[in-house]
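Every value quoted in this text rests on a predicted model; they were computed, and no experiment measured them. Numbering of residues begins at 1 and proceeds along the displayed sequence.
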Amino acid sequence: MIVVIGASGFIGSYLVDELVAQKRAVFATGTTDRTADYYRSKGVGFAALNLANPADFQKLPAKADVVILLGALLPANVTDYNPQNYIDINTTGTLNVLEYCRRAGVRKLINASSHSDVAGLWDCGRAIREDDPIQINYKGDHAVYIITKIAGQQLVEHYHQEFGLGGITFRLPAVYGFGPHTEIYIDGKRVVTGFKIFIEKAQAGEPIEVWGDAKKGRDLVYVKDVVGAFIGAADSDKAQGLYNIASGIRTTLEDEVKGVVEVFSPKDHPSKIIYRPDKPNGVHTYLYDISKAKRDLGYQIRYPYIKMLEDYKIEMQGKRFAHLIGREHKS
């Protein structure tokens, strides 16, 4: 039995669907019952779970083999800044998950975390490794969030050393894929993601401006490759500790926009790309070394950038995750 905590979110939905396709026994949780019917129609057990409430864990299976922890409080999903909420969900919540694992005889916990733990290494000009020191940004709406996620990661390692629980943490950059996350909150203000703006302009054949240094690049990873990493970690006898789950490829802002135009623009009226180096873009350059994940998890990049966009388009046209649209933001 694999328990997916946070199955009503973006990555969780893709993950549970793939586990079901592989005919694995799955139990799913979400913050509310809104996705309960969707999962029960697939034969998947479901419970609404508040990570901060220990009593809620009585709803979970008495025995499980693997737990995948995707549930968390993220700045992108909230309008208000309340540090206590991050502590309650991301740190105390992780402790509650670990206690459930100990009681239920869980063999392995796979914990999702953010690459903001090495924000100080972005723009460093090399691939960031798992053994690089933590360097966080202590300012802004991500500060308490990443502090609480690092604390959760350390709790996972404590339970590994103290109780023998297999403890794995995935360091994830922004994960791309069609889903309910086309708008996010930045410092409490809702904004449309640049990626959505690019796609909408490309679909309409409208010009797309590329601001700032078009050669700045990021490590872009597709949700289905991330799902493959979670399943690989669940099956691996070697997996333990921290893993970079990314593409290991730096895609420049210019190539990012060119790819969107190639895949989404009308063939007879493609969007024109307009370069505006005079405009600031705030894009950080980062790249991750994924050799450890390849070695221990059998991790593979099946969706390089253009293939990622092509699959994104298929999922978008099929409205695969209509049950999630409109429930991405929390207050």
J.: Taking all atoms of both residues into account, what is the closest heavy-atom pair of Pro75 and Tyr145, and its distance?
T.: CD-CG, 3.6 Å
J.: With distance as the sole test, does Asn96 use its side chain to make a donor-acceptor pair with the main-chain N or O of Leu51 at under 3.5 Å?
T.: yes
J.: If we count only N and O atoms by modelled type, under 3.5 Å, do the side chains of Ser265 and Ser271 hold a donor and an acceptor together?
T.: yes
J.: Check the angle between the aromatic planes of Phe195 and Tyr176 and answer parallel, tilted or perpendicular using the 30° and 60° thresholds.
T.: perpendicular
J.: Does Asp213 pair with Lys216 as a salt bridge, N-O distance under 4.0 Å?
T.: no
J.: Please assess Val156 against His160 for the test side-chain contact (heavy atoms from CB on, under 4.5 Å), listing each intermediate value before the final yes or no.
T.: CA-CA 6 Å; Val156 171; His160 165 63; 5.8 Å; no
J.: Once salt bridge (Lys or Arg N to Asp or Glu O under 4.0 Å) is applied, what residue pairs with a partner in residues 154-164 remain, sequence neighbours excluded?
T.: none
J.: For residues 106-131, pull every pair meeting ring pair (Phe, Tyr, Trp, His ring centres under 6.0 Å), keeping only residues two or more places apart or in separate chains.
T.: His115-Trp122, His115-Tyr286, His115-Tyr288, Trp122-His284, Trp122-Tyr286
J.: For the residue pair Asp17 / Tyr38, report whether a side-chain donor-acceptor contact shorter than 3.5 Å exists.
T.: yes
J.: Does a side-chain heavy-atom distance below 4.5 Å link Glu262 with Leu309?
T.: no
J.: Would the number of heavy atoms belonging to other residues, nucleotides or ligands and lying under 6.0 Å from CG of Asp237 be above 12?
T.: no
J.: Classify the side-chain pair Tyr222/Asp311 by whether it contains a donor and acceptor separated by less than 3.5 Å.
T.: yes
J.: Taking Asp219 for the side chain and Gly248 for the main chain, is one N or O donor matched with an acceptor at less than 3.5 Å?
T.: yes
J.: Is there a donor-acceptor pair closer than 3.5 Å between any side-chain N or O of Lys272 and the backbone N or O of Gly205?
T.: no
J.: Have a look at Phe170 and tell me which of Leu242, Ile68, Ile110 forms a side-chain contact (heavy atoms from CB on, under 4.5 Å) with it.
T.: Ile110
J.: Evaluate the ring planes of Phe163 and His158, with Trp represented by its six-membered ring, and classify them as parallel (under 30°), tilted (30 to 60°) or perpendicular (over 60°).
T.: perpendicular
J.: Do Arg24 and Asp235 meet the salt-bridge criterion of a basic N to acidic O distance under 4.0 Å?
T.: yes
J.: Taking Lys292 first and then Glu130, would you say they form a salt bridge - that is, a charged N and a carboxylate O separated by under 4.0 Å?
T.: no
J.: Taking NZ, NE, NH1 and NH2 as the nitrogens, is one of them in Arg102 or Glu99 under 4.0 Å from a carboxylate oxygen of the other?
T.: yes
J.: Let's go through Ile89 and Asn50 carefully: what are the C-alpha distance in whole Å and the side-chain angles of both, what is the deciding distance for side-chain contact (heavy atoms from CB on, under 4.5 Å) to 0.1 Å, and is it a yes or a no?
T.: CA-CA 8 Å; Ile89 299 297; Asn50 178 353; 3.9 Å; yes
J.: Passes side-chain contact (heavy atoms from CB on, under 4.5 Å), Arg302 versus Lys224? Steps please.
T.: CA-CA 8 Å; Arg302 298 179 297 122; Lys224 292 185 180 179; 4.1 Å; yes
J.: Looking at side-chain heavy atoms only, is the closest gap between Phe264 and Tyr312 below 4.5 Å?
T.: yes
J.: When rounded to the nearest 0.5 angstrom, what distance separates CD1 in Ile245 from OG in Ser113?
T.: 12.0 Å
J.: Would you call Cys101 and Tyr159 a side-chain contact if the rule is heavy atoms closer than 4.5 Å?
T.: no
J.: For the backbone of Leu220 and the side chain of Ser247, can you confirm whether one donor and one acceptor N or O come within less than 3.5 Å of each other?
T.: yes
